[in-house]
Amino acid sequence: MTYNFKAIETKWQKKWEEKKIFHVKEGKKKKYYVLEMFPYPSSSGLHMGHALNYTIGDVYARFKRMQGFNVLYPMGFDALGLPAENAAIKAKSHPKKFTEIAIKNYIRQMKELGLSYDWDKSVSTMEPEYYKWNQFFFLKFLNKGLIYRKKAPVNWCSKCETVLANEQVHNGKCWRHEDTDVETKNLEQWFIRTTKYADELLEDVKTLQWPERIKIMQKNWIGKSYGTEIQFEINGKTWPIFTTRPDTIYGVTFMVVSAKHPNLMDLVIEEQEKDVKKFLKKIETVSEKELETLEKQGVFTGSYAINSLNNEKVPIYVGNFVLADYGSGMVMAVPAHDQRDFEFAKKYHLSIKEVIKGGDIKERAYEGEGELVNSGKFDRMNSKKAREEITKELEKKKLGKKQIQYRLKDWLVSRQRYWGTPIPIIYCNKCGVVPVPEKNLPVILPEKVKFGKGNPLETSRSFISVKCPKCKGKAKRETDTMDTFFDSSWYYLRYCDNKNKKKPFDITKVRYWMPVDQYIGGAEHACMHLIYARFFTKALRDLGFVAFDEPFTRLFNQGMLRGMDGNKMSKSKGNVINPDEVSRNYGMDTARFFLLSLAAPDKDRDWSKEGIESIQKFMIRVINYFKNVKIGKADAKIESKLNKAIKQVTEDIENFRYNLAVIKIRELFNFLPDKTSKDVLEKNLKLLHPFCPHITEELWSKLGNKEFISLEKWPVSDEKKINEKLEKQEQAVEKLAEDINNIKNLIGGKKAKAFIYVLPNELRNYGENLGLIKKKTGLDIEIYSVADKNKRDPENKSKKVKPERPGIYLE
RNA sequence: GCGGGAGUGCUGGAGUGGUCAAACAGGACAGACUCAAAAUCUGUUAGCUUAGUGCUUACAAAGGUUCGAAUCCUUUCUCCCGCACCA
């Protein structure tokens, strides 16, 4: 017999909504903030992978709620962004309309998943009430010097038709277009000074309870290195370079400047101009693939640099392997002690000068430590010490200083696209760059624009032409919009006070709810959203908006759900599992329980038909059991098992070992007797509830309860009731059944009856479990005490009897 | 290249020093029920072996530590992920 799961689910979803049972307010109770990364609402709706992600959070939220915490568990939408704009253009629709429909669909689907969100706290970034505060923060940052405008070589994706942040370039490709090389353009753009917090971002990583790999990814991304800045004299001017190995300065035999250095041409003398330009053209056409194995190449610029310590004159080359935006875009080359420089020197027959003893530099550079040679007064000094001493010497001569370099770059936030928050800036011919006054916020994104080539905002005249707030003269609005990562950098704060019209959020509300205790989301955000949000928190702290250092105390990365074929779900592969269908066929509780039983929440897993069907059978068994169970007294055995399970399940959920919790819950159900106490039944339901919220509500009410199980207290294990002796006795019985089966199989042939001989003191335990042994062996069982004179024992098996090892005779 | 993680039986996947031939689930096979099937229940699922609780081989491979290792250490191999010429 099957059940109409869908009907049960709809019934309880309605009741939850009507009674607003997941609605929370600030209070005296201890809070707990569970948060999943809010989705970008795509028109294709949710697939089962999302369901997995949100279910992981929902189980946790429900668990914490039952444990008595005041749980904030909100959901919202990262509604602005390029994909919506592109999709809308393709569908000849408007991004706003497009996104609104998608959001509606998302909400419907999320409700059907049984997620216990407080929908009153929802946030959508496309609402002017939200993005107004983006603009507000933009101005605050600008005021504080955290935002600035500069012309710089920036990443440009020709498909997106916009610039990209450094974090959005992966392997030289656009993060959204794996087939599109990112070009470098020199443009004037808005930047956020994330580097100001580089050190704090790096230091505080240590304090976070995050997956180790994410922490390492962030550390690498920030990339702190200690070194020395050294001034070289070139054509009468000084040029700084950064090195981590000042101890090798006497080994400098040439310099290499990045081919993308903005002032490169200052170094190129007339006779070399042709060669250099030819070279630049050549490396421009190099594809990304070739770059991976690319040989180091370069051309002489014609200029020389003077090594400030030994006054040696060394040639300057343009090279394809030097980054323009790290350090100063130029490096001192020490071929004897740097492999890259070594390769370059070999290729162009430049001299190689050993300055550190310890390696053989014929075949490759020696990058280790050792004693200095050929280094003037620093000879015989150890390289580690020489780093200090040479830096001191340079400082004394005002030719250099200690420096820390970060790999992290400032965050480029302007985008030349429509579907984003307008940057609240006005350009006036007379007054220059003028911020929009706070009282004029929000700068509303106009709806009537033409999509096609370039930035659609350029086509809205009413948007562009404004009066200068300062001189009231004719002025022009900024048409760039903000990177949507700006939106997602503080949405978790807005959830705490989402309806505030006067402020982005109330500080006391935020103080109560924040920081997020448990954040859940994908690892792909390690170096994007998770860095930006951390930066934002720190910046807001220094502006007095919040009073903590880190937004997300604990982070959990969920695994991926693959299709039945073991491949990533994708439309083209046709292996996408649709939640609406699953809900109809199996019920959402079944799907939730199934998804979580497959593997630990942080591991990938495959969808399987057999799997979900077997879980459905289990669900039906649970329902049937509750229908038929008789209420009475609970025996010590089930009490023992129950309390052990409570203990384990609680720990398993707490530590995100849902798969193990599921196993223990299933095992416990298998042990439930036909008659037991209401208390045992209720506690069983509570253990199951976070996973299967609808069915447990239904069964809970069938047991005669008027309140919601969703708001009940999580059971606490009574460890006194855990009885190991009973467990042992049970094991002995199982062992006996196993032995009987073993013998049965060995001798073959049909047997109908088993005679069992046990020690007198064990008679009771085995005797009480005769039924079980019968069931497991399929034989009739007769049991005797060895002391029993009337027992039937033709082969005298009772002689073999030992403690916990009864004698067995089959016939 | 660097960094991180992982390799367990037909499959997924527990298990981090003895209680381990290794939970649980799926699959397969067998039995019970049934006219039959499905569902349900029970058993078997490394090999050998005796009317049972025994032995052997096993947790990527090879070594090592230990009275004792899937579990600790070393080396190698394979796979996944991240960064990738950061000076």
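Neither OP1 nor OP2 of B:C86 sits under 4.0 Å from any side-chain N or O of A:Y406.
Atom C1' of B:A61 sits at a distance of 16 Å from the matching atom of B:A6, rounded to the whole Å. Here the separation of B:A39 from B:U57, taken at their C1' atoms, is 40 Å to the nearest Å. Going from the P atom of B:C59 to that of B:G64 covers 16 Å, rounded to whole Å. Nucleotides B:A23 and B:U74 are separated by 31 Å at their C1' atoms, to the nearest Å. Spacing between B:G18 and B:A62 at atom C1', rounded to whole Å, works out to 24 Å. Nucleotides B:A22 and B:G13 place their C1' atoms 12 Å apart, quoted to the nearest Å. The same atom, C1', is picked in B:G17 and in B:C41; the two are 40 Å apart, to the nearest Å. B:G7 sits 37 Å from B:A87 when the C1' atoms are compared, rounded to a whole Å.
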Base-pairing string, 5' to 3', of RNA chain B - Watson-Crick or wobble, under 3.5 Å, | interstrand: ((((((((.[[[..)..(.....]]]((((((.......))))))(((.....)))...[[[[[..)....]]]]])))))))....
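Under the salt bridge (charged side-chain N to carboxylate O under 4.0 Å, His left out) criterion, A:K224 pairs with A:D199, sequence neighbours left out. Judged as a side-chain contact (heavy atoms from CB on, under 4.5 Å), and not counting sequence neighbours, the contacts of A:K346 are A:F342, A:I352. In terms of the side-chain hydrogen bond (donor to acceptor under 3.5 Å, both in side chains) criterion, A:E367 has no residue partners (sequence neighbours excluded). Judged as a side-chain contact (heavy atoms from CB on, under 4.5 Å), and not counting sequence neighbours, the contacts of A:E343 are A:K296, A:Q339. Applying the salt bridge (charged side-chain N to carboxylate O under 4.0 Å, His left out) rule to A:R340 yields the partners A:D338; only residues at least two apart in sequence or on another chain are considered. A:D606 meets the salt bridge (charged side-chain N to carboxylate O under 4.0 Å, His left out) test with A:R562; sequence neighbours excluded.
A:F321 has its ring centre less than 6.0 Å from the ring centre of A:F344.
B:C81 atom C1' lies 15 Å from atom CD of A:Q558, rounded to whole Å. Taking atom CH2 on A:W607 and atom P on B:G26, their separation rounds to 16 Å, with Å as the unit. Spacing between atom NZ of A:K260 and atom P of B:A87 amounts to 19 Å, rounded to whole angstrom units. Rounded to whole angstrom, the span from the CZ atom of A:F593 across to the P atom of B:C24 amounts to 15 Å. If you measure from atom CD1 of A:I531 to atom C1' of B:G82, you get 13 Å, rounded to the nearest angstrom. Per the geometry, CG belonging to A:D325 stands 13 Å off P belonging to B:A87, to the nearest Å. Per the geometry, CZ belonging to A:F618 stands 13 Å off P belonging to B:U40, to the nearest Å. In this structure, the CG atom of A:N557 is 13 Å from the C1' atom of B:G5, given to the nearest Å.
Among the protein residues, A:E667 comes within range of the sugar-phosphate backbone only, with heavy atoms under 4.0 Å from sugar or phosphate atoms but none that close to a base. Using a 4.0 Å heavy-atom criterion, one finds that A:V322 contacts the bases of the nucleic acid, with or without backbone contacts as well.
Checking B:A39, B:C86, B:A25 against every side-chain atom of A:S614, the shortest atom distance belongs to B:A25. Of the listed nucleotides (B:A39, B:A23, B:C81), B:C81 has the atom at the smallest distance from the side chain of A:R213. Minimum atom distance to the side chain of A:F242 is reached by B:A87, of the listed B:A87, B:C24, B:G26. The A:R621 side chain lies nearest to B:C41 when the options are B:G26, B:C41, B:C24. Taking only side-chain atoms of A:R407, from C-beta outward, the nucleotide of B:G26, B:C83, B:C85 with the closest atom is B:C83.
Applying the side chain to side chain donor-acceptor pair (under 3.5 Å) test to every pair with at least one member in residues 646-670 of chain A, sequence neighbours left out, gives these pairs: A:Y60-A:E654, A:K64-A:E654, A:R621-A:N670, A:T650-A:W714, A:D652-A:R657, A:D652-A:K664.
Nearest-nucleotide positions on RNA chain B for A:D341 and A:N670 put A:N670 closer to the 5' end. Summary of the strand contacts: A:L323 and A:M217 both lie near RNA chain B, and taking for each the nucleotide with the nearest heavy atom, the more 5' one is attributed to A:M217.
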Report the C-alpha separation of A:W221 and A:E167 in whole Å, then their side-chain angles, then the decisive distance to 0.1 Å, and conclude whether the side-chain hydrogen bond (donor to acceptor under 3.5 Å, both in side chains) test is met. CA-CA 9 Å; A:W221 186 259; A:E167 287 77 8; 3.1 Å; yes
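In this structure, the side chain of A:T590 does not engage the main chain of A:Q616 through any donor-acceptor pair within 3.5 Å.
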Dump the pairs, protein N or O against N or O of nucleotides 8-15 of chain B, anything under 3.5 Å, distances to one decimal.
unit_1	atom_1	unit_2	atom_2	d
B:A14	OP1	A:K603	NZ	3.2

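Checking A:Y317 against A:S303 by side-chain atom types alone, no donor-acceptor pair falls below 3.5 Å.
For B:C24, its base never sits under 3.5 Å from the side chain of A:K664 at any donor and acceptor pair.
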